[in-house]
Amino acid sequence: MRLLEYEAKQLLAAHGAQIPAGQLFTQDLNEPILSLPFVMKVQIPIGGRGKAGGVRPVYTDSEFRETAKELLSNPLLGYRVNTLLAEEMLEIKQELYLAITVDRPSRSLVILAHTEGGIDIEEAVRQSAPHKIPLQNEPDESTTQQLLEYTGLTENMRGPVDHLLHALWATCVQEDALLVEINPLIVTATDQLYCADAKIELDDNAAFRHNWNFEQNPTGSQFVILNEQGTVGSMANGAGLAMATVDAIQQAGAQAANFLDVGGGTNARGMADAFERLSQLPRIKAIVINIFGGITRCDEVAEAILMAQSSVTNLPQLYIRLTGTNEAKGKEILERAGIATLPDLQSCVTAATQGTM
Ligand code: GDP
Ligand code: MN
């Protein structure tokens with residue numbers, strides 16, 4: 001499960017990492033307490049917000065209102081924006097990349113660091129590989145030493161770096177994270193270290209140990225926008241079936257808008273989120289739903305479809321193939337609600353693409 005930036009920062013702060021002062025804003029746009037100027041950032045579970053216009057400096061109160069309204073009323077990178085994080089503006093001297101993640105071959109954690117952090121990290125990594133420091137145990141003086149040597153950070157940063165490494169490590173181990181990534185880690189003009197952005201991926205298998213209550217519930221679903229202008233959306237369970245569904249739509253001559261694998265053991269909330277995202281695609285006119293119930297039960301899928309229909313506005317016409325575990329029960333639930341199913345994928349695709357090209 002991928003956390004939103006503000007959720008990740010709350011966890012990091014609880015483990016002692018230094019994060020910028022901040023305030024959250026939602027649709028009702030409460031009054032700012034944070035003093036201007038600040039940076040406003042859309043809270044969506046994906047990187048690249050900076051380049052896509054989702055990180056904005058604001059200097060005045062009217063700028064704050066305009067920017068907030070604009071950011072909250074447009075989807076970004078395919079995600080509806082519900083929350084904005086405003087943060088004190090930092091005076092940046094240097095942007096670093098620092099992460100702790102699981103290194104499967106060595107069955108341990110590893111620190112990844114790069115001196116060229118920030119929005120061009122992919123390019124920086126192509127130029128030179130990130131520096132790796134294996135972590136068999138808690139970070140110690142030698143870990144800090146290695147990081148200082150690699151980054152060229154000066155002696156006065158030893159204490160703060162040591163403190164941060166412990167905070168990252170504690171977050172990773174105690175929260176059962178697979179990845180804790182700070183990009184950028186900012187060194188300010190006054191040599192303070194701030195986690196200016198944070199990405200945390202929690203291990204869903206450890207959910208039973210925690211009381212997780214985050215904005216993004218674990219759904220195990222994978223949603224990828226293929227074509228913003230696509231007219232036919234799709235939803236399937238299992239990556240193979242989802243790819244086959246996209247292919248069938250393209251082969252019928254229509255433009256597939258997205259790839260969506262809702263995963264096994266589909267939960268209603270996750271599917272409702274998926275429908276919500278599909279309904280945001282500007283040109284979508286039909287959705288093909290291709291479910292083969294194995295672990296996923298058709299009756300649960302049917303309930304989720306009903307829930308989505310009642311909660312999502314502007315939902316386009318659905319063309320549904322539903323087969324496998326509890327098929328009869330699932331179809332009955334849909335029929336009672338006046339929703340028809342079709343016998344196979346091809347009939348769904350044919351019906352969905354008619355009138356959408
Ligand atoms: P991402 O593009 O989704 O990774 O979003 P980030 O939170 O990493 O922000 C992108 C970029 O915005 C950062 O690399 C910084 O250069 C810049 N940025 C973020 N916060 C601040 C800030 O407080 N002050 C200034 N001046 N720039 C910031
Ligand atoms: Mn970032």
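Small disclaimer: the values here were computed from a predicted structure and weren't measured. Order of appearance sets the numbers: ligands from 1, and atoms from 1 within every ligand.
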What residue and heavy atom of the protein are closest to [atom], and at what distance?
atom                    : answer
atom 11 (C) of ligand 1 : I119 CG2, 3.7 Å
atom 26 (N) of ligand 1 : L90 O, 3.5 Å
atom 4 (O) of ligand 1  : D197 OD2, 3.1 Å
atom 27 (N) of ligand 1 : I92 CD1, 3.5 Å
atom 3 (O) of ligand 1  : R49 NE, 2.7 Å
atom 7 (O) of ligand 1  : K41 NZ, 2.7 Å
atom 17 (C) of ligand 1 : V55 CG1, 4.6 Å
atom 22 (C) of ligand 1 : V39 CG2, 3.5 Å

Should you measure from each heavy atom of [X], which atoms of ligand 1 turn up under 4.0 Å away?
X    : result
P184 : 8 (O), 13 (C), 14 (O)
N183 : 8 (O)
G118 : 14 (O)

Which residue from K199, E88, E95 reaches closest to atom 16 (O) of ligand 1 through any of its heavy atoms?
-> E95

Common cluster, F223/L315, ILVMFWY with side-chain heavy-atom separation under 4.5 Å = yes

Under 4.5 Å between side-chain heavy atoms, hopping through other hydrophobics if needed: is there a path connecting L76 to I119?
-> no

Can we say E5 and K41 salt-bridge, meaning some charged N sits less than 4.0 Å from an Asp/Glu carboxylate O?
-> yes

Should the pair F214 and W212 be assigned to parallel (<30°), tilted (30 to 60°) or perpendicular (>60°) ring geometry?
-> tilted

Parallel, tilted or perpendicular for F38 and F64, by the 30°/60° rule?
-> perpendicular

Residues R56 and E70: closest non-hydrogen pair is NH2-OE2, 2.8 Å

Nearest heavy-atom neighbours spanning C195 and L185 | N-CD1, 4.2 Å

Carefully, step by step, assess T151 and H114 under the rule side chain to side chain donor-acceptor pair (under 3.5 Å).
-> CA-CA 7 Å; T151 55; H114 205 287; over 6 Å; no

N/O separation below 3.5 Å, G50 to ligand 1 | yes

Round to 10° and report the angle made at the Mn ion (ligand 2) by O of N183 and OD2 of D197.
-> 90°

Side chains of T83 and E215: do they bring a donor and an acceptor to under 3.5 Å?
-> yes

